[in-house]
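Remember, predicted model here, so these are calculated numbers, not experimental data. Count residues from 1 along the sequence. As a basis for the values below, the full set of heavy atoms in this structure was taken, side chains included, without hydrogen atoms, waters or symmetry mates.
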Amino acid sequence: MTFTFIEPKTLPLEEGFQPFAQVENEIDYDAAMRLPEGKSCGDCVHCRKCCAMFGHVPTDTSCDFYPSRFRLLDQPSATAI
């Protein structure tokens, strides 16, 4: 039995074509998933669950859920008992 390799077809791209260009009135998912400036998964109330179940690390700066489920972790004050 003989096998013949067939070259895949390549289509010419139009000049200036951007495969992931933003379309008017389309949601910018990349921006929607980004965490607030200076924040990471470690600053979120869901950090332990996401790191355990979905493989995130506390230094990640984007959320895998849409819309982002990021909620700032309330730090207990030093004076609270």
Side-chain angles (χ1 to χ4, degrees):
M1 182 178 256
T2 306
F3 294 97
T4 306
F5 179 73
I6 300 172
E7 286 289 325
K9 293 181 182 178
T10 56
L11 300 174
L13 294 177
E14 295 177 26
E15 191 167 325
F17 175 77
Q18 296 178 355
F20 298 107
Q22 186 70 23
V23 177
E24 187 176 341
N25 297 325
E26 185 177 336
I27 298 170
D28 184 1
Y29 291 101
D30 183 50
M33 309 289 268
R34 231 175 288 132
L35 300 183
E37 188 70 31
K39 300 296 180 190
S40 66
C41 282
D43 300 316
C44 179
V45 297
H46 304 293
C47 180
R48 287 183 59 208
K49 180 174 30 174
C50 288
C51 290
M53 293 174 64
F54 306 113
H56 275 277
V57 292
T59 56
D60 285 346
T61 57
S62 67
C63 186
D64 277 353
F65 294 98
Y66 179 80
S68 174
R69 307 261 195 295
F70 180 82
R71 281 197 350 224
L72 189 59
L73 178 65
D74 292 329
Q75 299 294 331
S77 64
T79 58
I81 294 178

>> Quick one, T61 with K39, criterion side-chain contact (heavy atoms from CB on, under 4.5 Å). Give me CA distance, side-chain angles, the key distance, then yes/no.
In response: CA-CA 7 Å; T61 57; K39 300 296 180 190; over 6 Å; no
>> Looking at every heavy atom in both F65 and M33, which two are closest together, and how far apart are they?
In response: O-SD, 3.0 Å
> Considering only heavy atoms from C-beta outward, does the side chain of S68 approach that of L35 to under 4.5 Å?
Replying inline: yes
> In Å and rounded to the nearest 0.5 Å, what is the NE2 to CZ distance from H46 to F54?
Replying inline: 11.0 Å
> How long is the gap from NE2 on H56 to SG on C44, to the nearest 0.5 Å?
Replying inline: 10.0 Å
> Which value, rounded to the nearest 0.5 Å, describes the distance between D60 atom CG and C51 atom SG?
Replying inline: 7.0 Å
>> For the OG atom of S62 and the CZ atom of R34, what is their distance to the nearest 0.5 Å?
In response: 9.0 Å
> If we only count heavy atoms from C-beta on, is the D43 to L72 side-chain gap below 4.5 Å?
Replying inline: yes
> Are any of the side-chain heavy atoms of V57 and C41 separated by less than 4.5 Å?
Replying inline: no
>> Checking R48 now: which residues fulfil salt bridge (charged side-chain N to carboxylate O under 4.0 Å, His left out) with it, not counting sequence neighbours?
In response: none
> Do S40 side-chain atoms and P58 backbone N/O form a donor-acceptor pair below 3.5 Å?
Replying inline: yes
